Amino acid sequence: MNKKELELLEKAIKDKGEILMNAEDYHYGDFIIPFAAEFLGITVERQICRVVQIRKEIGQFGSDKFFVRHADGSLLVWENQHFYKVKEEYTSQIETLYNQHDAIEIDDDKPDVGYRDIGEKDFILGFIVPSPYSADHVTPMKAVQAGIKEKIREIINS
């Protein structure tokens with residue numbers, strides 16, 4: 001990436017949007033920034049990614065598993081992670097960066113395409129893949145999120 005493109009990404013990262021907490025808050029192809037990207041020392045070029053699949057409650061601690069595509073065509077899987085949504089004012093310019101690739105994988109991404117993680121035999125289709133658990137099953141991540149929501153309610157109502 002050239003200097004101007006890196007500056008665009010840096011600006012979008014610095015001016016990041018809201019934190020998305022639930023799989024239903026995402027839309028196929030949203031540009032997102034992993035919450036811990038800066039802490040983990042991830043390079044600017046790889047901090048912004050496009051979400052292509054979410055598998056509910058099958059990640060670490062019952063978190064959602066996110067399959068994301070980078071501008072270079074690489075696919076990465078995140079779990080036990082929240083994301084910032086890239087603000088709308090940057091998306092068309094970032095989209096242009098994604099369209100300047102030689103990676104055929106990006107051209108093949110569609111909401112009904114299947115993906116597989118390391119060690120998986122089969123491709124799993126769909127954008128949001130439902131949880132394999134019943135709605136009343138409590139994972140550690142569900143318990144943490146419920147505690148956060150309860151704390152927010154207490155603060156709002158006090």
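Just so we're clear, the structure is a prediction, and the values are computed from it rather than from any experiment. All values below were derived from every heavy atom in this structure, side-chain atoms included, with hydrogens, water molecules and symmetry-related copies excluded.
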Please enumerate all residues that pass ring pair (Phe, Tyr, Trp, His ring centres under 6.0 Å) together with Tyr90, with sequence neighbours excluded. none
Are the side chains of Ser131 and Ile58 in touch, meaning some heavy atoms are under 4.5 Å apart? no
Can you run down the salt bridge (charged side-chain N to carboxylate O under 4.0 Å, His left out) pairs that involve residues 54-65, sequence neighbours left out, and say none if there aren't any? Glu24-Lys56, Arg55-Glu120, Glu57-Lys142, Lys65-Asp117
By the salt bridge (charged side-chain N to carboxylate O under 4.0 Å, His left out) test, which pairs, at least two apart or in different chains, include something from residues 33-48? Arg46-Asp72
By the rule that ILVMFWY residues connect when side-chain heavy atoms come within less than 4.5 angstrom, directly or transitively, which residues belong alongside Val129? Ile124
Asn2: partners by side chain to side chain contact (heavy atoms under 4.5 Å, CB included), with sequence neighbours left out: Lys4, Glu5
Check the pair Val44, Met1 against side-chain contact (heavy atoms from CB on, under 4.5 Å), reporting the backbone distance first and the verdict last. CA-CA 10 Å; Val44 170; Met1 288 189 184; over 6 Å; no
Among all residues two or more places apart in sequence or in another chain, which pass the ring pair (Phe, Tyr, Trp, His ring centres under 6.0 Å) test with Phe66? Tyr26, Phe83
Using the salt bridge (charged side-chain N to carboxylate O under 4.0 Å, His left out) rule, collect all pairs that involve residues 11-20, keeping only residues at least two apart or in two chains. Asp15-Lys87
Min side-chain heavy-atom separation Lys85-Asp25 under 4.5 Å: no
Does Ile19 have any side chain to side chain contact (heavy atoms under 4.5 Å, CB included) partners at least two apart in sequence or in another chain, and if so, which? Met21, Phe35, His82, Tyr84
Kindly write out the residues that satisfy ring pair (Phe, Tyr, Trp, His ring centres under 6.0 Å) with His137, not counting sequence neighbours, or none if the list is empty. Tyr133
Within-4.5 Å side-chain heavy-atom neighbours: Val52 and Val113: no
Across all chains, not counting sequence neighbours, the side chain to side chain contact (heavy atoms under 4.5 Å, CB included) partners of Lys151 are Glu154, Ile155
The reported gap from CD1 in Ile54 to NE2 in His27 (rounded to nearest 0.5 angstrom) is 10.0 Å
For Ile33 against Ala12, the heavy-atom pair lying closest together: CD1-O, 4.0 Å
For Ala146, what residues pass the side chain to side chain contact (heavy atoms under 4.5 Å, CB included) criterion, not counting sequence neighbours? none
Do Phe61 and Glu79 make a side-chain contact, defined as non-hydrogen atoms from C-beta onward lying under 4.5 Å apart? no
Beyond-backbone contact of Ile48 with Leu97, side-chain heavy atoms, under 4.5 angstrom: no
Tell me who clusters with Ile156, hydrophobic residues only, linked when side chains sit under 4.5 Å apart either directly or through other members. Val144, Ile148, Ile152
